[in-house]
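Written out below as structure tokens is the structure these notes cover.
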Number of protein chains: 4
Amino acid sequence: MQKKQKKIVREPVQQRGKEKKAKIITAARKLLNREDYETVTANRIAGEAGVSVGTFYSYFKDKRDVFLEVIRQYSEDIFGELIASIRDLKQGSSNLEEVVRSLILVAKKRHDHEKGLHKQMLVQSIRDPEIRELSYIEEGRADSLIREILDQYKDQIDVKDPDAAIFLVTNCVEEMIHHLIIHGSEIPEERVFEELARMVYRYLARP
Amino acid sequence: MQKKQKKIVREPVQQRGKEKKAKIITAARKLLNREDYETVTANRIAGEAGVSVGTFYSYFKDKRDVFLEVIRQYSEDIFGELIASIRDLKQGSSNLEEVVRSLILVAKKRHDHEKGLHKQMLVQSIRDPEIRELSYIEEGRADSLIREILDQYKDQIDVKDPDAAIFLVTNCVEEMIHHLIIHGSEIPEERVFEELARMVYRYLARP
Amino acid sequence: MQKKQKKIVREPVQQRGKEKKAKIITAARKLLNREDYETVTANRIAGEAGVSVGTFYSYFKDKRDVFLEVIRQYSEDIFGELIASIRDLKQGSSNLEEVVRSLILVAKKRHDHEKGLHKQMLVQSIRDPEIRELSYIEEGRADSLIREILDQYKDQIDVKDPDAAIFLVTNCVEEMIHHLIIHGSEIPEERVFEELARMVYRYLARP
Amino acid sequence: MQKKQKKIVREPVQQRGKEKKAKIITAARKLLNREDYETVTANRIAGEAGVSVGTFYSYFKDKRDVFLEVIRQYSEDIFGELIASIRDLKQGSSNLEEVVRSLILVAKKRHDHEKGLHKQMLVQSIRDPEIRELSYIEEGRADSLIREILDQYKDQIDVKDPDAAIFLVTNCVEEMIHHLIIHGSEIPEERVFEELARMVYRYLARP
DNA sequence: AATGAATGAGCGTTCATTCAT
DNA sequence: CATGAATGAACGCTCATTCAT
């Protein structure tokens, strides 16, 4: 007789409510930076945020719902950093090799904070299409920025398949950074990044 | 509740016991190829293997324990494939560009079977240090094989930091393959691989 | 947790308060006509009435409290209908058989509106003594009306135990109507009512 | 990735398991005879039965599932009683009036035990189609027995619409009994039943 | 008076693990 | 050795009710 009544999630209009919602997101972000997504429970997020479970569920549909929000915020944060770093680059030197090296360092810097959270994001983006979608959006935005930069050096660049090249280069850099975050390396990071820059430069540069 | 007393796990000495253990591993492998690690339960593995949960727990400490075993076997299998493929390469052409291209295709081929299982392995290796350890061992073995191959072409190669270079090149290729397995790409795979080969070749080759 | 301290329920003296209370009752009545008592929540009644839960709880002790009020009103309403219908009957024919048939139709007509609410009332009157009490009062009033009518035909009536007879006849009719509301029937309603009238008439009539 | 995996309910094959399942059903029956369906929880049924919740859920899908089983058993029990009583009736007197009176008493006797449970069954049969179905089946079986009996007296019976008549008479009797179980009456039960018998007899009998 | 955010006990349910048979 | 019934802590989630604003 009764139909499944869409779950109602309160959208806080008042100041107090907004603060609570923010507190919950912060608590979730903290916990997700420390431990695996699966071991974090709604109850513990609420506890960490100093609110009751009921409150948690009045602002979020479930654990995944907060996680999405956390990722949105986190993406926003690191994208902000990216923008700032890129801005500095634009007025910089007109040497392609230098620019490539700088872009890699910028990409690396983006992942320096909250490595644990980043890990969880990577893992869940493998499993959860909606989370993957979020990552895509952020990556897309980053990609166009990078493309913009490289465009300024197009007279120094010579590749056969530009679309594949940009896809390859951005993801190679990204994945190497993830690899180092997640697995570390016996060889000191700087040396790896040095070679990475060299590889990318040689690939892009007119011989 | 977790670590009470050291759990006694029987090591099957008799033939029958060994067969049972193998059946359980196979069942787990099958399930892990189909669904996420978390959703696979001990009961279902036992069911799939046609034995009781009790039997399961007499051969394995817990779910993670079988997973480790599954990964060990899987690594062994794909390493076997790798050896075979490499052997063919050794008698092949003496052109560095061709060899790089071939090595990448070999690496790609290794991931063509049991993609689901591979995914689970990647995810868990992010989270579980012991699983990561397993991956290291296998990677190390693969690395030395590749090093061996490249050594044959050392006169055509010119890199400043050979250790960093080999680490970079192998992991870049590996991670790009993982990226394509997990996230796919809008650009056709062949074009990406073509550019990847070009990039690696230009990087290694004496200019 | 249940009965702590005597809950203070405001009795609205002002016009505005009375209107609010009425709006809440109307909202509850609407919801209870649509779905089961258990699935209706205080929050949703308040929402439907356009007031806050807090307001709800300042006018009613709890969910049951509104339900009692809803039933009181509903009883009042259908009793009103009954009175009107009976009034028409009084000037009617002096034939006992006709009167019985008419009374049954009147009883039936009473249940034609808000069948859902009626169902809930029946169910809860089975479980909640106070709700049962409310039904009694209304039934008692209906009974005396019917008794009054039948008194006009007492020369055509011949029963051994008049009190038991009136109890029997009224409840039989009532329960058959409920049965048809709740369970329906494979045999068309009209035929059942036709036979019901015949049965009651034969029972009451001097042979 | 994982589909909703049909809930597996263990069907006990061993003696021990069957006993446990029976204990749970008995516990549920006991609780449902004492209190409302809604207030009985799976946990409390398990507690009353002296088993764990887990055990409960390995034998039953949910609360409703046990309730269905309880009703099935209860129906079986009272139908057994009915058969026994009817058997006695068959060799009895050949007087229609006597038979009607006896059938009513038999029907009444069926409801003498576990009135609370019967109440819950009536209530839920209003709300849950599957429970209603169960009641129908039992009623159907009872109906055909009664029809069989009345057939023996068909020369003394004279009704215009036999199908409607049997529907009317059986349900009237049934509902009056329910009414008395649930609401009681100010007039002593015997007098009501006496008049009920008289009414039904007069209705059926050739005048 | 009115609000609606906040509470938290308690629901239904699952599953890793044990242990009597 | 093998079985699978039994356990129970712990999960996600709801809703009647309160109380600071």
Side-chain angles (χ1 to χ4, degrees), chain A residues 5 7-8 10 12-21 38-39 41-44 46 50-64, chain B residues 1-2 4 7 10 12 14 16-17 20 38-47 51-64, chain C residues 1-2 4 7 10 12 14 16-17 20 38-47 51-64, chain D residues 5 7-8 10 12-21 38-39 41-44 46 50-64:
Chain A
Q5 179 80 19
K7 174 79 180 289
I8 288 136
R10 198 189 308 153
V13 274
Q14 313 218 338
Q15 192 51 32
R16 274 228 349 274
K18 272 190 182 148
E19 275 164 24
K20 281 249 151 96
K21 191 168 180 181
E38 278 79 14
T39 69
T41 71
N43 268 284
R44 282 186 41 237
V51 302
S52 68
V53 229
T55 301
F56 176 92
Y57 279 101
S58 72
Y59 287 117
F60 299 97
K61 202 165 59 57
D62 51 28
K63 192 172 70 168
R64 187 171 160 277
Chain B
M1 184 113 289
Q2 215 78 303
K4 275 185 173 178
K7 176 75 178 294
R10 199 183 325 131
Q14 311 223 340
R16 280 231 343 275
K20 272 201 174 143
E38 280 79 15
T39 70
V40 175
T41 71
N43 265 288
R44 285 189 27 241
I45 295 173
V51 301
S52 67
V53 230
T55 302
F56 176 93
Y57 275 96
S58 72
Y59 286 117
F60 299 96
K61 199 164 61 55
D62 51 29
K63 201 170 72 168
R64 186 172 157 277
Chain C
M1 181 115 292
Q2 215 77 306
K4 277 187 173 177
K7 176 74 177 292
R10 197 184 327 132
Q14 311 224 338
R16 281 230 344 272
K20 271 200 177 147
E38 280 79 14
T39 71
V40 174
T41 71
N43 265 289
R44 286 191 26 244
I45 294 173
V51 301
S52 67
V53 231
T55 303
F56 177 93
Y57 275 97
S58 73
Y59 288 118
F60 299 97
K61 201 164 57 57
D62 51 28
K63 202 170 73 168
R64 186 171 158 277
Chain D
Q5 179 79 18
K7 175 78 181 292
I8 288 135
R10 197 189 309 155
V13 274
Q14 312 216 339
Q15 192 52 33
R16 273 230 345 278
K18 274 190 181 150
E19 274 164 23
K20 280 250 152 96
K21 190 168 180 180
E38 278 79 15
T39 69
T41 73
N43 269 283
R44 284 184 42 235
V51 301
S52 68
V53 229
T55 301
F56 177 92
Y57 278 101
S58 71
Y59 287 117
F60 300 96
K61 202 165 60 56
D62 52 26
K63 192 172 71 169
R64 187 170 159 277

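Keep in mind that what you see is a predicted model, and the values were worked out from it rather than measured.
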For [N], does either OP1 or OP2 sit under 4.0 Å from a side-chain N or O belonging to [X]?
X     : N      : value
B/Y57 : F/dG4  : no
C/Y59 : E/dA1  : no
C/K20 : E/dA2  : yes
B/T41 : E/dC15 : no
B/S52 : F/dT3  : yes

So, taking the atom named NZ in A/K20 and the one named OG in A/S52, what distance separates them when rounded to the nearest 0.5 Å?
8.0 Å
Give the minimum heavy-atom separation between B/K63 and B/E38, together with the two atoms involved.
NZ-O, 3.6 Å
Where is the tightest heavy-atom contact between C/I45 and C/F56, given as atom of each residue plus distance?
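Closest heavy-atom pair between C/I45 and C/F56: CG2-CE1, 3.8 Å.
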Spacing of [X] atom [atom1] relative to [N] atom [atom2], expressed in whole Å:
X     : N      : atom1 : atom2 : value
C/R44 : F/dA16 : CZ    : C1'   : 14 Å
B/F60 : E/dT17 : CZ    : P     : 14 Å
C/K61 : F/dT17 : NZ    : C1'   : 12 Å
D/E38 : E/dG12 : CD    : P     : 11 Å
C/F56 : F/dC19 : CZ    : C1'   : 17 Å
A/D62 : F/dT14 : CG    : P     : 10 Å

side-chain hydrogen bond (donor to acceptor under 3.5 Å, both in side chains) with C/T41: which residues, sequence neighbours excluded?
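With sequence neighbours excluded, C/T41 shows a side-chain hydrogen bond (donor to acceptor under 3.5 Å, both in side chains) to no residue whatsoever.
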Pick the nucleotide of DNA chain F nearest each of A/N43 and B/N43; which residue has the one closer to the 5' end?
B/N43
Want to settle it: does C/V40 or A/K63 sit nearer the 5' end of DNA chain F, counting the closest nucleotide to each?
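Comparing both residues, the 5'-ward one is A/K63.
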Dot-bracket for DNA chain F: what is it, with Watson-Crick or G-U pairs under 3.5 Å, [ ] where a pair crosses earlier ones, and | for a pair to another strand?
.||||||||||||||||||||
Toward the 5' end of DNA chain E, by each residue's nearest nucleotide, A/G50 or D/A42:
A/G50
Donor + acceptor pair across side chains of D/T55, D/S58 (<3.5 Å):
no
From the candidates E/dT3, E/dA9, F/dG8, the one with an atom nearest any side-chain atom of A/V53 is E/dA9
Output all residues satisfying side chain to side chain contact (heavy atoms under 4.5 Å, CB included) with A/V53, sequence neighbours left out; order by chain, then residue number.
A/N43, A/Y57
